[in-house]
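Below: the structure, in structure tokens.
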2 protein chains.
Amino acid sequence: MATTSTQSTAEILREKILEGAFPPGTILRQDALAQGLGVSRTPLRTALAELARDGLVTYEANRGYTVRGFNVDDIRAAFEVRANLEGLACRLAAPRITEAQLDRLQRCVSEGDAILSKGILDPEDLAPYRRLNVEFHETIIEASANPWISDFVNRTHNVPLASDRVFHWEDHAIIFRSHNDHHRILRALRTGDAMRAEALMWEHVTYAGDVLVEHVAPKITDRQAPVTLQSMDTETP
Amino acid sequence: MATTSTQSTAEILREKILEGAFPPGTILRQDALAQGLGVSRTPLRTALAELARDGLVTYEANRGYTVRGFNVDDIRAAFEVRANLEGLACRLAAPRITEAQLDRLQRCVSEGDAILSKGILDPEDLAPYRRLNVEFHETIIEASANPWISDFVNRTHNVPLASDRVFHWEDHAIIFRSHNDHHRILRALRTGDAMRAEALMWEHVTYAGDVLVEHVAPKITDRQAPVTLQSMDTETP
DNA sequence: CGCCTCCGCTTTGGATACAATCTTGTTCTA
DNA sequence: TAGAACAAGATTGTATCCAAAGCGGAGGCG
């Protein structure tokens, strides 16, 4: 593999933090962490600097890195921005989207239809549907031909519990409605109706944020107390 | 000072790249660079990792960091996003902006009036006016109470020749019109007219992007050829 | 009794040394 | 002569070592 030790530790740490393995406020002891990850402190430190730039950890000179805590308002704010950015992506994409990209969107929508047609949402169908969902959104952003949108929306996923990694929609009705949004967005893009595509996408993302905040709120409020911990359950493979 | 060597080299490098000291495509030889900056390779490397995360340099494993080139489309795209984000900031700020923040905006506008009332733009007034301009925009973003907007707009400044550091408006008419936008935006915010504030800000930023692209376009097109260079004119203070 | 200082320990930051990878120029072969 | 293989040098990536800055507790002083 052409990947360096720094990159892999950054990725592992990012995953761990995003899935909530470290309580917010945890101060990351470099020696222990490095040992746990099986690397030296040097690559760990540059990885941490990167995560700090992404806002996942905070840094204080000579005092190290601590896991950042997010509250509900941060998540709400993230979706506020995301709704606007993805709406903008739709507006920009509408006049310039290619046939190939439309085909890809169509495929996402059709395969989603197939999954949802069962009437219930099989737990094992969740991962595939999630993938389709991600591809749908990413394709539109790609079609907008604005690399900044892509970058910023991705950063917006750098929030524990709020990324696409976790899917909080057990409710079939909600997911069905959301999928229906995709149908309409695709049609608007196909007909070049930029404004309609933007409005649909804005509501689509805004509502997803509402649902997520509702689901996630009770889990967060009590995790704000700063905790000091440096242990890790690393199963080195 | 409580700043570490890594932070200062990151800042210095960021400045140098933003002001165009390194032609795009320049391969940043770590040993030479570190020596030029008077630090070892360790802090330099973490600084570079940070800049890579900001998109100022690109990284390839085992092949080092190279200065990224931006073309006119990248700049245009940045302003597209910025116009929307700052517009959003206005929309969010309108209903919740505080009296203190309105006062700050008023002060920016009034002091700007004083500077521009001369009828011509003194070169030595340019820096102060630039500062007022930055404060005006930052205050509104702060008033939006959405930290993501602040972060993303700042990232949007990470483009050589396109940040607020350089002011390309020699034209008094343009700067005067832009300042007049500030007047109107402030009034809209004061009266809680979110939509109007958003529309004004959108046009304000979009036009600034147009002007900048026009000024900067000829300087960029010919700098795209990848150059290999590692020398630095460092005057260590 | 409370606060302040000092000293040792812990932890982080930076420099150097070493390993791994890439680059380049040369030589050998088809 | 073109191209591939190889080897030496250069360059990056990682580990280790040392310095400097925080932290905490013991002891002294008001």
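Here the structure is a predicted model, which is why all the values come from computation and not from measurement. Letters A, B, ... are given to chains in the order of the sequence lines, protein chains preceding strands, and every chain is numbered from 1.
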Does the B:Arg96 side chain pair with the main chain of B:Ser144, one donor and one acceptor, at a distance under 3.5 Å?
-> yes

Would you classify A:Ser5 as touching base, sugar-phosphate or nothing, given that sugar-phosphate means primed atoms plus P, OP1 and OP2, and contacts are heavy atoms under 4.0 Å?
-> sugar-phosphate

Using OP1 and OP2 only, check whether a side-chain N or O of [X] sits under 4.0 Å from [N].
X       : N      : answer
B:Thr4  : C:dG14 : yes
A:Tyr65 : C:dG13 : no
A:Thr6  : D:dG13 : no
A:Gln30 : C:dG13 : yes
A:Thr42 : D:dG13 : no
B:Arg45 : D:dG13 : yes

Length of the [atom1]-[atom2] vector between [X] and [N], whole Å:
X       : N      : atom1 : atom2 : answer
B:Asp31 : C:dC22 : CG    : P     : 19 Å
B:Leu33 : D:dG13 : CG    : C1'   : 17 Å
A:Arg29 : C:dG13 : CZ    : C1'   : 15 Å
A:Gln35 : C:dT12 : CD    : P     : 13 Å
A:Leu44 : D:dT14 : CG    : P     : 12 Å
B:Asn62 : C:dA20 : CG    : P     : 12 Å
A:Tyr59 : C:dT11 : OH    : P     : 16 Å
B:Arg41 : D:dC17 : CZ    : C1'   : 16 Å

So, B:Glu135 versus B:Thr139: side-chain donor-acceptor pair below 3.5 Å or not?
-> no

Kindly determine whether A:Asn84 and B:Arg91 satisfy side-chain hydrogen bond (donor to acceptor under 3.5 Å, both in side chains), including the steps that lead there.
-> CA-CA 12 Å; A:Asn84 274 271; B:Arg91 193 199 320 158; 2.9 Å; yes

Candidate pair B:Glu86 and B:Trp202, rule side-chain contact (heavy atoms from CB on, under 4.5 Å), full reasoning | CA-CA 7 Å; B:Glu86 295 212 41; B:Trp202 189 91; over 6 Å; no

Sub-4.5 Å side-chain heavy-atom contact between A:Val72 and A:Arg76 = yes

First of A:Ser40 and B:Gly64 reached from the 5' end of DNA chain D, by closest nucleotide = B:Gly64

Of all the choices, D:dC23, C:dC22, C:dG14, which nucleotide is nearest to the side chain of A:Arg63 once you look at every atom?
-> D:dC23

